[in-house]
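In what follows, chains are A, B, ... by sequence order, proteins preceding strands, each numbered from 1.
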Amino acid sequence: MHSRMDAYERITRNVSEVVTEDEVRALAEQPEGKRAYVGYEPSGVLHIGHMLTATKLIDLQEAGFEVTVLLADVHAYLNDKGTFEEIRETADRMREQFVAYGLDEERTEFVLGSEFQFDREYVLDLHALELETSMARAERAMAEIKSGETAKVSQAVYPLMQALDIVYLDVDLAVGGMEQRKVHMLARDTLPSIGEEAPTCLHTPLIADLSTGVGKMSSSAGVTISMEDSTADIREKVNRAYCPPTRDPEPDDDGNERENPVLQIFEYHVFPRFEAVVVERPEKYGGDLTYDDYESLAADLESGELHPADAKGALAAYLDELIAPGREMIRSE
RNA sequence: CCGCGCUUAGCUCAGCCUGGCAGAGCAGCCGACUGUAGAUCGGCUUGUCCCCCGUUCAAAUCGGGGAGCGCGGACCA
């Protein structure tokens, strides 16, 4: 496959931020056996946001990393996502869906937060971090993550636990979407004050809202693409997506920056998982097209050689293929 | 513990003073135009007016009780 890709390149492709580059280069020297992790609040169905960081984990596994997926039941509880019972029920299903998506079961360790986050030592370290952190800082770190509009005390504890998780899971690299960056920066600032190392972090981009291209895609049902979508659902959602024939759309009338979500999904979801992309196209528009990499597809969309409608057809087909194993698992339950 | 404010469509809110068919903007949906979407036109939908009791021919609106959320104050032994 991509076996000739150099480790650093593999580790950092498609990320929007590396903290710090030197630290990641050091890890890339000897990637075999290095440990990386992502934490997820358990939710019943894997959606395209989860899949984006999962794709990065697959990259890391191919580079030789051991991967830990934290099913963050305690975090979900602290973030007001339900009772422990409800949250734990979904954690198991989520684990299966990650494997169905393509995480190597042999090289992936799934850990439930509650397995270690109540240990006496952990809790004492947590209190030490609380002592080092202002409410304002914790609140800022949670701005992009918290549910509800009023910050709860539990939500101030939340990012500090994320910092400690990095220590207790003994990972070399913390991975997350860009919405996690303030939490990770908080971890880098405060962990040294309790005698721990500042963690190295990798942040993936966020896919823009499918229908407008503005901001980040909501994960609520019907708005995102998830493993419970049927082939027809995916076709319809992709077809309704905002997709001007350019990779760099103009800001909207309110001045908000816009992305092209169709291209983003090709870049971050499809090309990392497929050798080549075939765009099926009726003869009257010129017949099928084949792309080996994202750049050539984006360039063709930009030039007009590839029409958005044809791009969408191909996107829906490849996304469907990525989702199909997880979907079948969900349906057979 | 005390005081103040808020609660009406998916969202932001108007309406309440002075009772009389529950509204606007946005979102959403449907068509037209584009070989996608968006933009632009044209059309359409949306309700436990937080809950209970009372007054009234008639209550989102008035009176009483309660809940949730927010804000402020007090206490500083």
message = Which nucleotide, if any, forms a Watson-Crick or G-U wobble pair with B/rG72, using both distances under 3.5 Å?
response = B/rC2
request  = Take atom P in B/rC13 and the same atom in B/rC1, then report the distance between them in whole Å.
outcome  = 30 Å
inquiry  = When the P atoms of B/rG65 and B/rC2 are compared, how many Å lie between them, rounded to an integer?
reply    = 13 Å
ask   = Given that both distances must come in under 3.5 Å, which nucleotide forms a Watson-Crick or G-U wobble pair with B/rC16?
value = none
request  = Could you measure between the two C1' atoms, the one in B/rG25 and the one in B/rG35, and give it in whole Å?
outcome  = 34 Å
ask   = Does any nucleotide pair with B/rG35 by Watson-Crick or G-U wobble geometry, both distances under 3.5 Å, and what is it?
value = none
task = Let me know the distance between OH of A/Tyr242 and P of B/rU34, rounded to the nearest Å.
result = 21 Å
key: Whole-Å gap separating P (B/rA37) and CG (A/Leu210)   = 13 Å
message = Once rounded to the nearest 0.5 Å, what's the spacing between atom CZ of A/Phe65 and atom CG of A/Leu173?
response = 5.5 Å
Base-pairing mate for B/rC50 - Watson-Crick or G-U, with both contacts under 3.5 Å = B/rG66
task = Please evaluate the base of B/rG35 for a donor-acceptor partner in the side chain of A/Asp310 within a cut-off of under 3.5 Å?
result = yes
task = Just name whichever nucleotide pairs with B/rC21, Watson-Crick or G-U, keeping both distances under 3.5 Å, else none.
result = none
task = Consider only side-chain N and O atoms of A/Thr190 and A/Glu132, and report whether a donor and an acceptor are under 3.5 Å apart.
result = no
request  = Sort out the partner of B/rU61 for me: Watson-Crick or G-U wobble, both distances under 3.5 Å, none otherwise.
outcome  = none
ask   = CZ of A/Phe266 versus P of B/rU36: gap in Å, rounded?
value = 17 Å
task = Using distance alone, with no hydrogens and no angle criterion, decide if A/Arg88 and A/Ser114 have a side-chain donor and acceptor under 3.5 Å apart.
result = yes
A/Ile265 CD1 to B/rA37 C1', straight-line distance once rounded to whole Å = 13 Å
ask   = How do A/Pro308 and A/Arg240 order along RNA chain B: which one's closest nucleotide is nearer the 5' end?
value = A/Arg240
inquiry  = Quick check: closest heavy atoms across A/Ile194 and A/Ala128, and the distance to 0.1 Å?
reply    = CG2-CB, 3.9 Å
ask   = Rounding to a whole Å, what distance do you find between A/Leu301:CG and B/rG38:C1'?
value = 14 Å
task = Write down the distance between NE2 (A/His307) and P (B/rA37), rounded to a whole number of angstrom.
result = 9 Å
query = Distance between the P atoms of B/rC62 and B/rG43, in whole angstroms?
reply = 37 Å
Rounded C1' spacing from B/rC50 to B/rU56 in Å = 23 Å
message = Can you work out whether A/Lys152 or A/Thr212 has the more 5'-proximal nearest nucleotide on RNA chain B?
response = A/Thr212
ask   = Between B/rG47 and B/rG23, how far is it from one P atom to the other, in whole Å?
value = 12 Å
Lys/Arg cation over aromatic A/Tyr268: A/Arg273, 6.0 Å, 45° cone = no
inquiry  = Classify A/Pro249 by what it touches in the nucleic acid, base, sugar-phosphate, or nothing, heavy-atom distance under 4.0 Å.
reply    = nothing
task = Could you tell me whether the side chain of A/Glu236 reaches within less than 4.5 Å of the side chain of A/Asn239, counting heavy atoms only?
result = no
key: Whole angstrom value for the distance that separates C1' of B/rU36 from CZ of A/Arg235   = 15 Å
query = B/rC49 and B/rG73: how far apart are their C1' atoms, nearest whole angstrom?
reply = 32 Å
task = Round to the nearest Å and state the distance from A/Lys312 atom NZ to B/rG38 atom P.
result = 8 Å
task = Under the side-chain hydrogen bond (donor to acceptor under 3.5 Å, both in side chains) rule, collect the residues that match up with A/Arg188, sequence neighbours excluded.
result = A/Glu23
inquiry  = Give me the distance, rounded to whole Å, that separates B/rC44 from B/rU8 when you measure between the P atoms they each carry.
reply    = 27 Å
note = As its Watson-Crick or G-U partner within any shown strand, both distances under 3.5 Å, B/rC29 has B/rG43
